[in-house]
Amino acid sequence: MKFNTEPNVYQPTAYDSRRDGLPPHPADRAPGTRFLEREVHKRAILGRGLQCREYLADLDERVIDFMEEDSEEAREIWGRPNHRQILWRPITNPRAFVDIFGQVLVFLAFFGGLTAIISLFSLFFGSFDIIVWLSFIGYAVVAPIALYKLSRLALRRNWVKEKNNTVFDRCTGMVEFSRRFRRYRLPFREFEPAIRSMGGASFQLTFHLLLYHRKTNTFVMEPGGHFDYWKAELAWERLQQFMDTAY
């Protein structure tokens, strides 16, 4: 297995915490006149100093076996420039959308099948027509499963391409992202961090790291989110350490 051995060459624009010109501390920033500016000022990450928590492994012990595996998936993963870039896959990424859509279809097929089993009892007692029941099975169970299989096939065959990812490039110090059908490439040092809270499908509050660029009034938001506020803060610290070339 060949790992990516491309040398790290940092450009003059790469983020360095020792340089001047960084955004002021959140407590010293003006609220701003735009809605998002005021929201970022209100929900800015003030920092807690050192976090008394440990980083958890992103993968379990199976990663050891995966490192020895010689497959197309393993070659693709180990060939990524993970030491140079961090990728966020927003919902505007077609592959991420198809992946989420497939997961929704699994839930639809599950609840459709559960309803079909319950209605089967009505069929036996004569209060449910068999044609109606078979039609329901087709729409509520067979169709979601077929679409799910098609979405998995589209991802495996690479019919759906990666696009619109948010890219944090350590070597250049730039953040590339898509917003309103336009591709931006802006310095990481110019973004201001904040935390946005959102309600999930299970009615549980999630916290997302949000990076706001005041000059262009654009922003990027971490997909997925966290169930704990401190984890969103930790995601910002991790991102700063990754982009910082001073260490």
Side-chain angles (χ1 to χ4, degrees), residues 2-32 36-37 39-59 63 67 77-90 164-179 183-196 207-226 228-247:
K2 290 185 177 180
F3 292 88
N4 194 327
T5 56
E6 182 180 348
N8 289 332
V9 179
Y10 298 112
Q11 299 183 12
T13 56
Y15 173 75
D16 190 331
S17 62
R18 297 170 296 186
R19 299 177 186 169
D20 296 329
L22 299 179
H25 190 273
D28 301 328
R29 297 172 192 161
L36 194 56
E37 285 179 333
E39 284 294 299
V40 170
H41 178 80
K42 183 169 60 177
R43 306 177 188 276
I45 299 180
L46 301 177
R48 302 186 183 183
L50 296 177
Q51 294 278 356
C52 299
R53 301 180 186 269
E54 296 180 356
Y55 282 102
L56 300 178
D58 292 331
L59 299 173
V63 71
M67 291 176 65
I77 290 179
W78 295 119
R80 294 175 188 171
N82 292 326
H83 63 291
R84 294 188 293 110
Q85 294 179 346
I86 286 180
L87 299 180
W88 285 358
R89 301 175 74 231
N164 298 330
N165 281 334
T166 300
V167 181
F168 297 89
D169 196 308
R170 176 180 168 90
C171 296
T172 63
M174 296 292 182
V175 181
E176 298 183 22
F177 63 98
S178 296
R179 196 74 185 166
R183 191 70 177 170
Y184 290 88
R185 190 171 185 269
L186 301 171
F188 175 76
R189 63 172 53 246
E190 295 180 359
F191 284 87
E192 303 175 18
I195 294 179
R196 171 176 284 185
F207 302 96
H208 302 253
L209 172 62
L210 183 142
L211 303 181
Y212 175 66
H213 193 262
R214 190 176 292 264
K215 294 179 182 178
T216 58
N217 193 34
T218 55
F219 70 93
V220 294
M221 190 168 68
E222 182 184 18
H226 310 273
D228 298 302
Y229 191 94
W230 67 267
K231 289 184 178 179
E233 291 183 319
L234 203 59
W236 167 239
E237 295 200 12
R238 174 178 178 268
L239 191 58
Q240 284 188 103
Q241 293 177 21
F242 177 83
M243 294 295 288
D244 197 352
T245 61
Y247 301 102

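Computed from a prediction, not measured in an experiment: that's the story for all the values here. These values consider heavy atoms only, across backbone and side chains, with no hydrogens, waters or symmetry-generated copies.
Annotation: side chain of L210 is not in contact with side chain of P193 (no heavy-atom distance under 4.5 Å). Residues I86 and R238 form a side-chain contact, since some pair of their non-hydrogen atoms from C-beta on lies under 4.5 Å apart. Put simply, the side chain of T172 reaches to within 4.5 Å of the side chain of R185, judged on heavy atoms. Side-chain contact between D228 and L234 is absent, with no heavy atoms from C-beta onward closer than 4.5 Å.
Taken from OG1 in T216 to CZ in R214, the straight-line distance is 11.5 Å, to the nearest 0.5 Å. Remark: R196 CZ to H208 NE2 distance equals 9.5 Å, nearest 0.5 Å. Between atom OG of residue S17 and atom CZ of residue R189 there is a gap of 9.0 Å, rounded to the nearest 0.5 Å. Rounding to the nearest 0.5 Å gives a distance of 9.5 Å between CG of N217 and CZ of R179. How far CH2 of W236 is from CG of L211: 5.5 Å, rounded to the nearest 0.5 Å. For the atom pair F191 CZ and L209 CG, the distance stands at 11.0 Å (nearest 0.5 Å).
For F168 and W88, the ring centers are positioned less than 6.0 Å apart. Aromatic ring centres of F177 and Y184 lie closer together than 6.0 Å.
Nearest heavy-atom pair across D169 and Q85 is OD2-NE2, 3.1 Å. Here the closest heavy-atom approach between residue T166 and residue P90 is recorded as N-CD, 4.2 Å. Across all non-hydrogen atoms, the minimal contact from Y212 to E37 is OH-CG, 2.9 Å. Minimum heavy-atom separation, T245 to R18: O-NH2, 4.4 Å. Contact record, A232 with I195: CB-CD1, 3.8 Å, taken as the closest heavy-atom pair. Nearest heavy atoms, A235 versus H226: CB-NE2, 3.9 Å.
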Evaluation steps, side chain to side chain donor-acceptor pair (under 3.5 Å), between Y10 and R170: CA-CA 8 Å; Y10 298 112; R170 176 180 168 90; 2.7 Å; yes

Could you walk me through whether M174 and T13 satisfy the side chain to side chain contact (heavy atoms under 4.5 Å, CB included) test, starting with their C-alpha distance in whole Å, then the side-chain angles of each, then the deciding distance to 0.1 Å, before giving a yes or no? CA-CA 8 Å; M174 296 292 182; T13 56; 4.1 Å; yes

For D244 and Y15: C-alpha separation, side-chain torsions, deciding distance, then whether side chain to side chain contact (heavy atoms under 4.5 Å, CB included) applies. CA-CA 5 Å; D244 197 352; Y15 173 75; 4.0 Å; yes

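Legend: residues meeting ring pair (Phe, Tyr, Trp, His ring centres under 6.0 Å) with H41, ordered by chain and number and at least two apart, are absent.
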